[in-house]
> 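Sharing a structure below in structure tokens format, with a few things to ask.
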Amino acid sequence: TGNTKTFAKNAKILQIDVDAAEINKNIVVDASVVGDEKEVLKRILAEVPEMRHPEWTAHISELKEKYPLRYDHSQLTGPYIIEKLYELTKGDAIITTEVGQNQMWAAQYSRRSHTRQFITSGGLGTMGFGYGAAMGYGLGAAIGAKMGRPDKTVVNIAGDGCFRMNMNEIATAVRCGRPLIEIVLNNHVLGMVRQWQTLFYDHRYSHTILNDAVDFVKLAEAMGAKAIRITKMEEVEPALKEALACPGPIVLDCMIDQDLSVFPMVPAGASIDDIFDEEDMKK
């Protein structure tokens, strides 16, 4: 919600919750229904006619053209790797994520052609799937997705902080005997927390630097997986092609700069109207 005083100020808000105690707890709403969300939505849909808004969707398309997402094309970055993955898979892969910058870049740059192709915990960092800015369990989700859809290419997008949390699941993936791609966007920091510390905490990098001698390639190989380290842009496509052809789990350890940031963003406690990007920062 961001700043609750400015949340959806031009809208009427209907709250559906199975727990009556949650009604009006954070946001004062115009109307509420206490009940199971799935059942309530079924009944609402039966009462609401289908609407189409061609002028609005055309306006949104125009804004996308006018204000596209941008990133630095002069160095190896998460967005570049994710876009190259999309290009090689033609948007047909199932993508899972951990939690943090890797998750945001994946959401922004991994375009999809079907439903249920993007499996992530969303903004809440759901416990049991992912917790905190640098922790996650997307690798477990990827293993599950591959078991459920063995015909599909499955790729987990991770950060190095996330990989430290669940790298043992590479052994599980090997034991399952199914091909699986783990892309580690390795900046040797807890990227999302560091970004906040850079922008809002005067560069006080408390417990976010992971610049040690841990070798993810050797760790993956020790667990029975193939692994490739990527250090520059021209290595991305050959490595991805090799990963897509690999008959078992493979880890791509992608070395990116520690100060790359995700934009646009909204400061904590601010309104969605306070969103800013890198160009705003320069100004």
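Keep in mind it's a predicted model, so treat the numbers as computed, not measured.
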> May I ask you to say whether Asp212 pairs ionically with Arg164, meaning some side-chain N is under 4.0 Å from a carboxylate O?
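Yes, charged N to carboxylate O under 4.0 Å.
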> Are any non-hydrogen side-chain atoms of Leu14 and Ile44 less than 4.5 angstrom apart?
yes
> Find out whether Thr153 and Asp92 are in side-chain contact, i.e. whether some heavy atom of one side chain is under 4.5 Å from a heavy atom of the other.
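Counting from C-beta outward, Thr153 and Asp92 never come under 4.5 Å.
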> Checking side-chain contact (heavy atoms from CB on, under 4.5 Å) for the pair Ile23/Asp17: CA distance, chi angles, key distance, verdict?
CA-CA 7 Å; Ile23 304 298; Asp17 207 295; 4.0 Å; yes
> Between Arg178 and Ile143, is a side-chain contact (heavy atoms from CB on, under 4.5 Å) present by the stated rule, with each step listed?
CA-CA 8 Å; Arg178 302 282 175 85; Ile143 294 170; over 6 Å; no
> Using side-chain contact (heavy atoms from CB on, under 4.5 Å) as the criterion, point out the one residue from Val33, Val34, Asn26, Val29 that pairs with Gln15.
Val29
> Ignoring hydrogens and geometry, is there a side-chain-to-backbone donor-acceptor pair from Gln117 to Gly91 under 3.5 Å?
yes
> Taking a hydrophobic cluster as the set of Ile, Leu, Val, Met, Phe, Trp and Tyr residues connected by side-chain heavy atoms closer than 4.5 Å, whether directly or through intermediates, do Ile181 and Met255 fall within one such cluster?
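No, because Ile181 and Met255 fall into different hydrophobic clusters, even though each may have its own neighbours under 4.5 Å.
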> What do the steps show when you test Asn166 against Glu169 for side-chain hydrogen bond (donor to acceptor under 3.5 Å, both in side chains), and what is the final call?
CA-CA 6 Å; Asn166 61 20; Glu169 299 303 342; over 6 Å; no
> Run through Phe263, Trp105, Tyr109, Tyr80 and flag the one making a ring-ring contact (aromatic ring centres under 6.0 Å, His included) with Tyr71.
Tyr109
> How long is the straight-line distance from CD of Glu237 back to CD of Glu234, given to the nearest 0.5 Å?
11.5 Å
> Would a 4.5 Å heavy-atom cut-off, applied to side chains only, mark Ile81 and Leu76 as touching?
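Yes; the side chains approach each other to less than 4.5 Å.
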> Out of Val184, Leu139, Thr120, which one pairs with Glu98 under the side-chain contact (heavy atoms from CB on, under 4.5 Å) rule?
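Between Glu98 and the candidates, side-chain contact (heavy atoms from CB on, under 4.5 Å) is satisfied uniquely by Leu139.
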> Within the structure provided, determine whether Asn187 and Asp257 are in side-chain contact (heavy-atom separation under 4.5 Å).
no
> Tell me, with the steps shown, if Gln195 and Thr198 meet side-chain hydrogen bond (donor to acceptor under 3.5 Å, both in side chains).
CA-CA 5 Å; Gln195 178 173 334; Thr198 299; over 6 Å; no
> Could you go through Glu65 and Ser61, starting from their C-alpha distance and side-chain angles, then the distance that decides it, and tell me whether this counts as side-chain hydrogen bond (donor to acceptor under 3.5 Å, both in side chains)?
CA-CA 6 Å; Glu65 291 291 326; Ser61 296; over 6 Å; no
> Taking all atoms of both residues into account, what is the closest heavy-atom pair of Lys5 and Asn3, and its distance?
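Shortest heavy-atom separation between Lys5 and Asn3 comes out as N-OD1, 2.9 Å.
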> Checking side-chain hydrogen bond (donor to acceptor under 3.5 Å, both in side chains) for the pair Arg229/Thr231: CA distance, chi angles, key distance, verdict?
CA-CA 7 Å; Arg229 179 166 292 114; Thr231 60; over 6 Å; no
> Examine Leu260 and Met281 and state if one hydrophobic cluster contains both, with Ile, Leu, Val, Met, Phe, Trp and Tyr joined whenever side-chain heavy atoms are less than 4.5 Å apart.
yes
> Determine whether Ile157 and Leu185 make a side-chain contact, defined as any pair of heavy atoms from C-beta on separated by less than 4.5 Å.
yes
> Counting heavy atoms not belonging to Glu37, are there more than 12 under 6.0 Å from its CD?
no
> Could you tell me whether the side chain of Thr89 reaches within less than 4.5 Å of the side chain of Leu244, counting heavy atoms only?
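Heavy-atom side-chain distance check passes, below 4.5 Å.
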> Could you go through the side-chain contact (heavy atoms from CB on, under 4.5 Å) check for Ser110 and Ile82 one step at a time?
CA-CA 6 Å; Ser110 64; Ile82 293 164; 3.7 Å; yes
> Check Glu279 with Lys283, please: is the shortest side-chain N to carboxylate O separation under 4.0 Å?
no
> Nearest 0.5 angstrom please: Glu221 CD to Ile250 CD1, how far?
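One finds 10.0 Å between CD of Glu221 and CD1 of Ile250.
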> Measure the spacing between CG of Leu210 and CD of Gln258 and express it to the nearest 0.5 Å.
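Result: 10.0 Å between the selected atoms.
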> Could you grab the distance from atom CE of Met192 to atom OG of Ser261, nearest 0.5 Å is fine?
8.5 Å
> Within 45 degrees of the ring normal and closer than 6.0 Å to the centroid, is that where the cationic atom of Arg194 sits relative to Tyr205?
yes
> Taking Lys241 for the side chain and Leu88 for the main chain, is one N or O donor matched with an acceptor at less than 3.5 Å?
no
> For side-chain contact (heavy atoms from CB on, under 4.5 Å), just list the numbers for Ile256 and Asn186, CA-CA rounded to whole Å, side-chain angles, deciding distance to a tenth of an Å, and then say yes or no.
CA-CA 6 Å; Ile256 64 173; Asn186 190 350; 5.9 Å; no
> Indicate yes or no: at least one non-hydrogen side-chain atom of Gln108 is less than 4.5 angstrom from one of Val262.
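A side-chain contact under 4.5 Å exists here.
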> What about Ile94 and Tyr86, same hydrophobic cluster or not, with Ile/Leu/Val/Met/Phe/Trp/Tyr joined at side-chain heavy-atom distances under 4.5 Å?
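No, because Ile94 and Tyr86 fall into different hydrophobic clusters, even though each may have its own neighbours under 4.5 Å.
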> Linking I/L/V/M/F/W/Y whenever any side-chain heavy atoms sit under 4.5 Å apart, do Val217 and Met167 land together?
no
> Under 4.5 Å between side-chain heavy atoms, counting indirect links through other Ile/Leu/Val/Met/Phe/Trp/Tyr residues: same cluster for Ile272 and Leu69 or not?
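As far as the 4.5 Å side-chain criterion goes, Leu69 and Ile272 are not connected within one cluster.
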> Nearest heavy-atom pair of Val154 and Ala142: which atoms, and what distance?
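Result for this residue pair: CG1-O, 3.5 Å.
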> Just how far is it from atom CG of Asp277 to atom NZ of Lys282, taken to the nearest 0.5 Å?
9.5 Å
> Which heavy atom of Pro179 sits nearest to which heavy atom of Cys246, and what is that distance?
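So the two residues come closest at CB-O, 3.5 Å.
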> For Asp151, give me all partners under side-chain contact (heavy atoms from CB on, under 4.5 Å), at least two apart in sequence or on another chain.
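For Asp151, the residues satisfying side-chain contact (heavy atoms from CB on, under 4.5 Å) (neighbours in sequence not counted) are Arg149.
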> Is Glu242 paired with Lys226 through a side-chain N to carboxylate O contact shorter than 4.0 Å?
yes
> List the atom of Ala158, the atom of Glu182, and the distance in Å for their closest heavy-atom pair.
CB-OE2, 3.6 Å
> Any chance you could measure Phe276, atom CZ, to Leu199, atom CG, to the nearest 0.5 Å?
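The distance works out to 5.0 Å.
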> Strictly under 6.0 Å, is that where the ring centroids of Phe200 and Trp196 end up?
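Yes, the ring of Phe200 comes within the 6.0 Å limit of the ring of Trp196, centre to centre.
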> Ignoring hydrogens and geometry beyond distance, is a side-chain donor-acceptor pair present between Thr96 and Asn156 at under 3.5 Å?
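A pair is found: one side chain offers a donor N or O, the other an acceptor, under 3.5 Å apart.
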> NE2 of His73: more than 12 outside heavy atoms within 6.0 angstrom?
yes
> Can you find a pair of side-chain heavy atoms, one from Leu240 and one from Ile183, that are under 4.5 Å apart?
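With C-beta onward as the side chain, the pair touches.
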> Between Thr208 and Gln197, does any side-chain donor sit less than 3.5 Å from a side-chain acceptor?
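Present: a donor and an acceptor within the cut-off.
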> Is a side-chain donor or acceptor of Asp30 paired with a backbone partner of Ile13 at a separation under 3.5 angstrom?
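Yes; at least one donor-acceptor contact below 3.5 Å.
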> Show the nearest heavy-atom pair for residues Ala243 and Leu252, with the distance to one decimal.
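Looks like CB-CD1, 4.2 Å.
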> Do Glu62 and Lys64 sit within salt-bridge range, that is, some charged N less than 4.0 Å from a carboxylate O?
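Salt bridge flag = no for Lys64 with Glu62.
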> Tell me the closest heavy-atom pair linking Val266 and Ser271, and the distance in Å.
CG1-O, 3.4 Å
